[in-house]
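The shown structure was predicted, so the numbers you read here are calculated from the model rather than taken from an experiment.
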Amino acid sequence: MYTLAKRNVYASTIAEFLNAQLIGDDVIITHPTTYSDMVEHSISMFEAGIQQFPDVKNILILVEKAMDIDRPGISQIVSDNPRLDYFRIVNEFYIENIGQGIHESAVVEEGACIGRNIFVDKGSFISKDSVLSNNIKIMKNVILNGKISIGNNSIVKYGSVIGSEGYSFVLDEDNIPIHFPQIGGVRIGKNVWIGSNTTIEKGFLGETVLGDNVKIDDLVHIGGNCQIGSSTMITSGVVIAVNSTIGDNCWLAPNSSISNDIVIGKNVTIGMGAVVLKDCESNGVYVGNPAKLIKMKESPKK
């Protein structure tokens with residue numbers, strides 16, 4: 001989805017972008033690199049001794065506290081959060097985004113509402129009832145089936161299915177499973193990331209909802225009528241059964257499972273491999289099978 005672009009950017013321009021002070025020469029920085037593999041005209045977070053690159057000059061490092069470096073050619077920017085600022089710099093100056101447009105092999109049904117700056121890659125399908133806002137990327141072999149709405153600046157990665165038919169059956173008098181058709185939709189907020197080979201079922205009658213800034217890893221399943229709160233992060237292998245509600249700012253660790261009709265509060269951490277069979281209160285950390293509360297944490301700062 002992205003490629004590295006080499007560009008000539010002055011260190012002072014980077015400092016201005018961060019609203020920070022530049023210490024040292026105003027060197028030209030052409031690309032980012034790791035701290036252990038620094039070369040001339042590169043930028044990195046500083047996580048190792050300066051002796052690891054004794055002969056390299058014209059570099060820029062992000063540090064939490066200004067360092068007394070008795071060597072020319074090393075410039076510094078002091079940052080409260082070097083990792084976060086490094087990501088911001090890379091995204092702002094050194095990433096080449098894919099373009100826009102709909103690939104000739106993609107199928108967009110007549111009636112679909114498509115916004116501006118949309119990218120739809122090979123083999124994807126967008127149903128007639130879909131509504132896509134602006135600046136959305138739909139990668140290869142994605143299926144948007146039924147009443148799907150996606151907010152601005154969202155990404156759906158390779159092979160994901162949004163609006164899939166739910167696994168909903170009831171036994172009749174002869175103990176034969178009868179399927180209940182899903183006729184609802186899926187509503188996805190803005191700035192949402194949906195990983196590869198993820199399935200999100202549509203609602204039975206209403207909607208499955210993902211709030212703004214939700215980030216979903218690869219290989220995740222979300223059942224019909226689930227409600228996922230804003231800024232919640234769902235990692236690889238998570239399964240969320242039908243009718244469950246996840247609050248804002250939660251973290252679901254890899255391979256955790258949430259049973260149906262569960263309510264998880266805000267700012268909750270679910271541990272790796274946990275099996276959640278009961279509701280979870282806000283600000284709790286839950287681990288194990290069945291998942292149990294092991295500690296409480298502070299509410300996130302507003």
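Counting heavy atoms from C-beta outward, N191 and D212 have side chains that stay 4.5 Å or more apart. For the pair P32 and L4, the minimum side-chain heavy-atom distance is below 4.5 Å. At a threshold of 4.5 Å between non-hydrogen side-chain atoms, the residues Q76 and V63 count as touching. Residues H103 and F119 are not in side-chain contact: their nearest non-hydrogen atoms beyond the backbone lie 4.5 Å or more apart. Considering only heavy atoms from C-beta on, L132 comes within 4.5 Å of I138 through its side chain. By the 4.5 Å heavy-atom criterion applied to side chains, L62 and S44 are not counted as neighbours. The shortest side-chain heavy-atom distance between V9 and I28 does not fall under the 4.5 Å cut-off. Contact annotation: the side chain of E201 approaches that of V242 to within less than 4.5 Å [non-hydrogen atoms, C-beta and beyond].
Side-chain N or O atoms of S231 include none that pairs as donor or acceptor with a backbone N or O of N249 at under 3.5 Å. Looking only at distances, a side-chain donor or acceptor of S42 sits under 3.5 Å from a matching main-chain atom of V39. The main-chain N or O of I216 is never found under 3.5 Å from a side-chain atom of T235 such that the two would form a donor-acceptor pair. No donor-acceptor pair closer than 3.5 Å links the side chain of N141 to the backbone N or O of S160. S259 places no side-chain N or O within donor-acceptor distance of the main-chain N or O of L277, the cut-off being under 3.5 Å.
V268 and M233 fall into different hydrophobic clusters, defined by Ile, Leu, Val, Met, Phe, Trp and Tyr side-chain heavy atoms under 4.5 Å apart, directly or through other members. Taking hydrophobic clusters as Ile, Leu, Val, Met, Phe, Trp and Tyr residues chained together by side-chain heavy-atom distances below 4.5 Å, Y158 does not share a cluster with I118. Using a 4.5 Å cut-off between side-chain heavy atoms of Ile, Leu, Val, Met, Phe, Trp and Tyr, with links allowed through other members, F17 and I29 fall into the same hydrophobic cluster. L252 and V263 are assigned to two separate hydrophobic clusters, defined by single-linkage of ILVMFWY side chains at heavy-atom distances under 4.5 Å. Hydrophobic clustering places I59 together with I23 (ILVMFWY residues linked when any side-chain heavy atoms are closer than 4.5 Å, directly or through intermediates).
From I77, atom CD1 reaches atom CD1 of I89 across 5.5 Å, with rounding to the nearest 0.5 Å. Taking CG of L171 as the start and CD1 of I176 as the end, the distance is 9.5 Å to the nearest 0.5 Å. In this structure, the separation between CD1 on I222 and CD1 on I200 is 4.5 Å, given to the nearest 0.5 Å. Taking CG of N152 as the start and CD1 of I150 as the end, the distance is 11.0 Å to the nearest 0.5 Å. Distance check, rounded to the nearest 0.5 Å: CD1 of I262 to SG of C280 gives 7.0 Å. Note: H179 NE2 to F169 CZ = 5.0 Å, rounded to the nearest 0.5 Å.
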Query - Intermediate values then yes/no, side-chain contact (heavy atoms from CB on, under 4.5 Å), I43 and I14 - result: CA-CA 10 Å; I43 181 174; I14 295 173; 4.2 Å; yes
Exercise for review: List the steps, then state whether side-chain contact (heavy atoms from CB on, under 4.5 Å) holds for L144 with V161.
Suggested key: CA-CA 6 Å; L144 304 185; V161 180; over 6 Å; no
Between V214 and I188, does a side-chain contact (heavy atoms from CB on, under 4.5 Å) hold up when you go through it step by step? CA-CA 9 Å; V214 167; I188 296 170; over 6 Å; no
Query raised in the report: H221 and V238: side-chain contact (heavy atoms from CB on, under 4.5 Å), yes or no, with the steps?
Result: CA-CA 6 Å; H221 174 79; V238 170; over 6 Å; no
For the pair D85 and S79, evaluate side-chain hydrogen bond (donor to acceptor under 3.5 Å, both in side chains) and give the outcome as yes or no after the intermediate values.
-> CA-CA 7 Å; D85 282 339; S79 167; 2.5 Å; yes
- request: Begin from the C-alpha positions of E281 and K266 and carry the test salt bridge (Lys or Arg N to Asp or Glu O under 4.0 Å) through to its verdict.
  value: CA-CA 8 Å; E281 61 180 302; K266 298 180 180 179; over 6 Å; no
Practice problem: Under the side-chain hydrogen bond (donor to acceptor under 3.5 Å, both in side chains) rule, what do N135 and N117 come out as? Steps first, then yes or no, please. | Solution: CA-CA 5 Å; N135 306 311; N117 301 322; 2.9 Å; yes
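Remark: the S12 side chain and the D26 side chain contain an N/O donor-acceptor pair separated by less than 3.5 Å. Under 3.5 Å, the side chains of K297 and T269 contain a donor-acceptor pair of N or O atoms. Residues N283 and N267 have side chains that bring a donor and an acceptor to within less than 3.5 angstrom of each other. Donor-acceptor pairing under 3.5 Å is lacking for the side chains of N197 and D218. No donor-acceptor contact under 3.5 angstrom links the side chains of S127 and N145, judged on distance only.
Contact record, S154 with G189: OG-O, 3.2 Å, taken as the closest heavy-atom pair. Shown here for V142 and S124, the closest heavy-atom pair between the two residues is N-OG, 3.0 Å. The two atoms that bring M296 and S282 nearest to each other are CE-O, 3.2 Å, heavy atoms only. Closest heavy-atom contact between D261 and S244: N-OG, 3.4 Å. In terms of heavy atoms, Y286 sits closest to A291 at CB-CB, 4.2 Å. Considering all non-hydrogen atoms of both residues, S256 and I270 come closest at CB-CG2, 3.8 Å.
Residues K202 and E165 are paired through a salt bridge, judged by an N-O separation under 4.0 Å between the basic side chain and the carboxylate. Salt bridge annotation for E64-R83: absent, with no cationic side-chain nitrogen under 4.0 angstrom from a carboxylate oxygen.
The environment of NZ in K137 is crowded: more than 12 heavy-atom neighbours from other residues, nucleotides or ligands sit within 6.0 Å. By the neighbour-count criterion of 12 heavy atoms within 6.0 Å, atom CZ of R7 is densely surrounded, having more than that number from other residues, nucleotides or ligands. Within a 6.0 Å radius of CG in D172, other residues, nucleotides and ligands contribute more than 12 heavy atoms.
Between Y94 and H31, the distance from one ring center to the other does not fall under 6.0 angstrom.
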